[in-house]
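Structure, as structure tokens:
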Amino acid sequence: MKQSFRSFSNRLTSRIVWAMMVTLIAVSVCIFLISTKVMNLKTQDYYEALMETVNLSVEKVLNGVEVATTNNIVDVEERLATPQAVYGALTDFLQQNPQIAGVFAAFEADYYPEQGRLFEPYAVWRDGRIDTVQLGSASHDYLSQGWYAKACAANGGYWTQPYYDHEGAKAVVCSYSMPIRNSQGREVGIFGADVSLNWLHTQLQQLDLTLNSERLWAGGLAYSIIVDPRRHFHRSS
């Protein structure tokens, strides 16, 4: 009888121990899963906050280009009397806005007959000084390009897609353009500013370095891109 009771007691104790172990394991797994989920959510919130900071920085720069272009187009319109005066207006614009890579004025065909059919004066920063050049030519017929027509038709300013400017800035840029009007209010060309994307590339690299430094993102490495037309940053793994 005692031996039977002792055997039953041992079996009961063993079952209790196993039940406690299973319960402990289950609780530990639940705690781990909950903690991991909370950590992932906090990590995602942290990354999104970083990207929003960069996004606001980009918006600040691009909005600054819009404001500068809008405020200075009047100076160009007041100096349409001669091509030399236009060059002067472009140079003055860059001196006042060193954050802008280059600035141009692209005129309708034969606006200045002595300059030929295509006249697109351009002022650009090179090695800390301002250079000027005439870009309009048969190989660079801006009148036949889509951005010129879109800028003319835009009710306000027009942003181009990023592109590599071989003739002017010699860098990857985005251009913000507005119609030029003469003293009679007629559109006679386009005034625009180029913003280099080198600084943006640097910011994206720094963001990716921060995102990947601790390898917390469960989906792998993170890469930042900019999506047109809203210019918001997104992460792709």
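Heavy atoms only: backbone and side chains are in, while hydrogens, waters and symmetry mates are out.
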key: Donor-acceptor contact below 3.5 Å, side chain Thr160 vs main chain Ser175   = yes

query = Should Asp127 and Arg129 count as an ion pair when the cut-off is N to O under 4.0 Å?
reply = no

Path from Val173 to Val124 over hydrophobic side-chain contacts below 4.5 Å = no

ask   = At their closest point, which heavy atom of Ala171 faces which heavy atom of Ser196, and how far apart are they?
value = CB-OG, 4.5 Å

inquiry  = Give me the atom names and distance for the closest heavy-atom approach of Ala106 to Trp147.
reply    = CB-CH2, 4.3 Å

note = Separation between CD1 (Ile130) and CH2 (Trp125), nearest 0.5 Å, reads 4.0 Å

ask   = Quick one: CD1 on Ile73 to CE on Met178, what's the gap to the nearest 0.5 Å?
value = 5.0 Å

ask   = Can you find a heavy atom in the side chain of Ile190 that is under 4.5 Å from one in the side chain of Phe104?
value = yes

inquiry  = Donor-acceptor check, side chain of Asp141 to backbone of Leu143, threshold 3.5 angstrom: yes or no?
reply    = yes

request  = Please round to the nearest 0.5 Å and tell me the distance separating atom CG of Leu80 and atom CZ of Arg181.
outcome  = 12.5 Å

note = ring-ring contact (aromatic ring centres under 6.0 Å, His included) pairs touching residues 168-190, sequence neighbours excluded, are Trp159-Tyr176

Reported CG-to-CG distance for the pair Asn97 and Asn71, which is rounded to 0.5 angstrom = 9.0 Å

task = Find out whether Phe191 and Val74 are in side-chain contact, i.e. whether some heavy atom of one side chain is under 4.5 Å from a heavy atom of the other.
result = no

key: Non-hydrogen atoms of Ala68 and Ile100 that approach each other most closely   = CB-CD1, 4.3 Å

All N/O donor-acceptor pairs, side-chain side in residues 88-96, below 3.5 Å, sequence neighbours left out:
residue	atom	partner	partner atom	Å
Thr91	OG1	Tyr87	O	3.0
Asp92	OD2	Arg79	NH1	3.3
Asp92	OD2	Arg79	NH2	2.6

request  = Looking only at non-hydrogen atoms, find the nearest pair between Gly192 and Val103 and report the distance.
outcome  = O-CG2, 3.1 Å

request  = Taking salt bridge (charged side-chain N to carboxylate O under 4.0 Å, His left out) as the test, write out the residues that go with Glu108, two or more places apart.
outcome  = Arg186

request  = Grab the two heavy atoms, one from Pro162 and one from Leu197, that are nearest each other, plus how far apart they are.
outcome  = CB-CD1, 3.6 Å

Verdict with supporting geometry, Cys152 and Tyr158, side-chain contact (heavy atoms from CB on, under 4.5 Å) = CA-CA 9 Å; Cys152 288; Tyr158 169 74; over 6 Å; no

query = Is a side-chain N or O of Tyr142 found less than 3.5 angstrom from the main chain of Phe107, in a donor-acceptor match?
reply = yes

request  = Output yes when a side-chain donor or acceptor of Tyr164 lies under 3.5 Å from a complementary backbone atom of Lys170, and no otherwise.
outcome  = yes

Residue pair Val86 / Pro121: nearest heavy atoms and the distance that separates them = CG1-CG, 3.9 Å

request  = Could you tell me whether the side chain of Gln134 and the main chain of Gly136 form a donor-acceptor pair under 3.5 Å?
outcome  = yes

note = To the nearest 0.5 Å, atom OG of Ser177 lies from atom OH of Tyr148 at 10.5 Å

request  = Spell out, as yes or no, whether a donor-acceptor pair under 3.5 Å connects the side chain of Glu187 to the backbone of Ile180.
outcome  = no

key: Tyr111 side, atom OH; Asn182 side, atom CG - distance, nearest 0.5 Å   = 5.0 Å

